[in-house]
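A short worksheet on the structure shown next.
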Amino acid sequence: MATYGPADLAIEFDATDGGALQAMTQHSVEMDPLDIEALFDDKVRSFGDTYSDQAYIGVRKWNPIKINGLYDDTATTGPNATYNSVGSTRTLKITWGGTKTTTVECLIMNYRRIPNIDGKTHYEVVLQPIGAPTEA
């Protein structure tokens, strides 16, 4: 069984719609889990039932993904150039260690710069995956 650590993770993102993926790994220090959720109908319990019931409706959804790290305003490759296009659709690709990848289109929901009196300025981007992922 292969296991991986933070040095084995790679994050790529395109800065323009349909643009080439660029490495964002070195700009990233933390990422939320890729959380896929099954949707259920809670209103399937009948009167007289003694337990709650739910039915899977056949649909899954992604929860938002937050990525944060050190702010960099390099003109074409830093987080500011890459993520500061709120409302745009972009491609996120995660490589998990060896060759396993997850690629999904995302809407950039939120981008912010986080100044810190005790340290470096950071950034945080919130991505909302849309559609089904491609797993390879």
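Just so you know, these numbers come straight off a predicted model, no measurement behind them.
From Ile114, atom CD1 reaches atom CD of Glu124 across 5.0 Å, with rounding to the nearest 0.5 Å. Rounding to the nearest 0.5 Å places SG of Cys106 at 7.5 Å from CD1 of Ile130. Going from atom CG of Asp53 over to atom CZ of Phe40 covers 10.5 Å, rounded to the nearest 0.5 Å. Atom CG in Leu39 sits 5.0 Å away from atom CD1 in Ile57 (nearest 0.5 Å). To the nearest 0.5 Å, the span separating CD1 on Ile67 from CZ on Phe13 amounts to 7.0 Å. Distance check: Thr89 OG1 to Leu107 CG gives 4.5 Å after rounding to the nearest 0.5 Å.
Contact of the Thr103 side chain with the Thr91 side chain is registered, since non-hydrogen atoms from C-beta on lie closer than 4.5 Å. In this structure the side chain of Asn110 never reaches within 4.5 angstrom of the side chain of Val86, judged on heavy atoms. In this structure, Asp8 and Thr95 have side chains that are not in contact, with every pair of non-hydrogen atoms separated by 4.5 Å or more. Considering only heavy atoms from C-beta on, Glu12 stays 4.5 Å or farther from Leu92 through its side chain. For the pair Ile108/Leu127, a side-chain contact is recorded, criterion being any heavy-atom separation below 4.5 Å from C-beta on.
Summarising the geometry of Thr102 relative to Pro133, their closest heavy-atom pair is CG2-CB, 4.1 Å, with the distance given to 0.1 Å. Of all the heavy atoms in Ala15 and Gln22, the pair that sits closest is CB-NE2, 3.8 Å. Of all the heavy atoms in Arg90 and Asp17, the pair that sits closest is NH1-N, 3.3 Å. Of all heavy-atom pairs spanning Gln128 and Pro64, the tightest one is OE1-CG, 3.3 Å. Nearest approach of Ile94 to Met31, heavy atoms of both residues: CD1-SD, 3.8 Å. His27 and Pro79 get closest at one heavy-atom pair: ND1-CD, 3.5 Å.
Checked by atom type and distance alone, the side chain of Thr25 pairs as donor or acceptor with a backbone atom of Ile11 at under 3.5 Å. Of the possible donor and acceptor atoms, one in the side chain of His122 sits under 3.5 Å from a partner among the backbone N and O of Gly69. Within the 3.5 Å criterion, the main-chain N or O of Tyr51 finds no donor-acceptor partner in the side chain of Asp49.
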Going through the checks in order, is the side chain to side chain contact (heavy atoms under 4.5 Å, CB included) test met by Leu34 and Trp62? CA-CA 8 Å; Leu34 297 188; Trp62 287 84; 3.7 Å; yes
Derivation of the side chain to side chain contact (heavy atoms under 4.5 Å, CB included) call for Gln26 and Thr77: CA-CA 11 Å; Gln26 293 304 310; Thr77 59; over 6 Å; no
Set out, in order, the CA-CA distance, both residues' side-chain angles and the distance that settles side chain to side chain contact (heavy atoms under 4.5 Å, CB included) for Thr82 and Tyr123, then state yes or no. CA-CA 11 Å; Thr82 304; Tyr123 77 90; over 6 Å; no
Stepwise side chain to side chain contact (heavy atoms under 4.5 Å, CB included) test for Val125 and Ile65: CA-CA 8 Å; Val125 64; Ile65 301 168; over 6 Å; no
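Under a cut-off of 6.0 angstrom, the local environment of NZ in Lys120 is sparse, with at most 12 non-hydrogen atoms contributed by other residues, nucleotides or ligands. The environment of Arg113 atom CZ is dense: over 12 non-hydrogen atoms of other residues, nucleotides or ligands sit within 6.0 angstrom.
Defined by atom type and a distance below 3.5 Å, a donor-acceptor pair is present between the side-chain atoms of Asn80 and Tyr111.
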